[in-house]
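Atoms within a ligand are numbered from 1 in the order they appear, just like the ligands themselves. For the single chain, residues carry numbers from 1 onward in sequence order.
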Amino acid sequence: MLYGYVRGWCEERSRAQRFTPDLEMSELFDNEVFLAYSTYSTIVLLKMLLMGPLTGYFRVTRKVFVNPEDARAHGAKDDDARKYLRTDPDVERVRRCHQNDLENIVPFIGIGVLYALSGPDLSTALLHFRIFAGSRILHSIAYLLPLPQPSRGLCWLVGLGATLSMAYRVLKTGMHF
Ligand SMILES: N[C@@H](CCC(=O)N[C@@H](CS)C(=O)NCC(=O)O)C(=O)O
């Protein structure tokens, strides 16, 4: 009877814990490495998010649109709306910069969370996160100004190196095939 009571209590407790996600999330944010990961992830995601409004800015100021209704919304007459369906080097440059962010920041977010959960030292983790965030901010500056190569290439390589180094640590911590 005592065994049944204890088992019931344990089951009830584990059910309650499963249904308190807020508590688990806040505990995760008590972990300094995870907090650093969330800070730098948010920084690079916001930087990437900025590329959308920047593309919009160049579209409107250069009058370069992808849909006739967009051109009309920005003052083109019905007849010549199609004239504004064109490409522009500045718009394309921001779009390539955005695309490159997607190719690099999305893997950082995925590998970074696994890395943060693999229990690295705070100082080593901060070094990875700061190097990655710095390299991506500099990559965008080098792309948009533009700065002469190999500045952009080096920024890209440094960011890629940080992500690969985190992936190495994740796989070194344990693998299961
Ligand atoms: N998808 C990239 C892969 C290589 C890469 O990311 N290179 C860096 C350094 S040269 C870059 O900034 N590429 C320009 C871009 O992706 O638009 C490309 O096509 O270039």
Margin query: I'd like to know if atom 10 (S) of ligand 1 has any protein heavy atom within a distance of less than 4.0 Å.
Written below: yes
Checklist line | Shortest protein contact, atom 3 (C) of ligand 1 (heavy atom only) | finding: E103 OE1, 3.9 Å
Item checked: Residue G153 vicinity, atoms of ligand 1 by number, heavy atom under 4.0 Å -> 9 (C)
Next item on the list: Number the atoms of ligand 1 from 1 as they appear, then name those within less than 4.0 Å of a heavy atom of Q149, with their elements.
Entry: 10 (S)
Note to self: For atom 14 (C) of ligand 1, which of the options R152, R93, R95 provides the nearest non-hydrogen atom?
What the structure shows: R152
Margin query: Taking the basic N atoms (NZ, or NE/NH1/NH2) and the acidic carboxylate oxygens, is any pair closer than 4.0 Å for E69 and R72?
Written below: no
Check: Taking the side chain from K83 and the backbone from A76, do they hold a donor-acceptor pair closer than 3.5 Å?
Finding: no
Item checked: Under-4.0 Å protein heavy-atom contact, atom 20 (O) of ligand 1 -> no
Next item on the list: Give a yes or no on whether the ring-centroid distance for F129 and F132 is below 6.0 angstrom.
Entry: no
Check: Which residue owns the protein heavy atom closest to atom 6 (O) of ligand 1, what's the atom, and how far is it?
Finding: N100 ND2, 2.8 Å
Check: For atom 5 (C) of ligand 1, what is the nearest protein heavy atom, given as residue, atom name and distance?
Finding: W156 CE2, 3.4 Å
Check: Using 30° and 60° as the class limits, which term best fits the ring planes of Y143 and H139: parallel, tilted or perpendicular?
Finding: perpendicular
Notebook entry, point to check: What orientation do F65 and Y84 show, parallel under 30°, tilted 30 to 60°, or perpendicular over 60°?
Noted result: perpendicular
Item checked: Contact check, Q99 vs ligand 1, heavy-atom distance below 4.0 Å -> no
Notebook entry, point to check: Does the R169 side chain pair with the main chain of S118, one donor and one acceptor, at a distance under 3.5 Å?
Noted result: yes
Next item on the list: With heavy atoms under 4.0 Å as the rule, classify the contact between H139 and ligand 1 as side chain, backbone, both or neither.
Entry: side chain
Checklist line | Nearest protein heavy atom with distance in Å, relative to atom 17 (O) of ligand 1 | finding: Y143 OH, 2.6 Å
Check: Is a side-chain N or O of D88 found less than 3.5 angstrom from the main chain of V91, in a donor-acceptor match?
Finding: yes
Next item on the list: Examine distances only and state if a side-chain atom of R93 and a backbone atom of L145 form a donor-acceptor pair shorter than 3.5 Å.
Entry: no
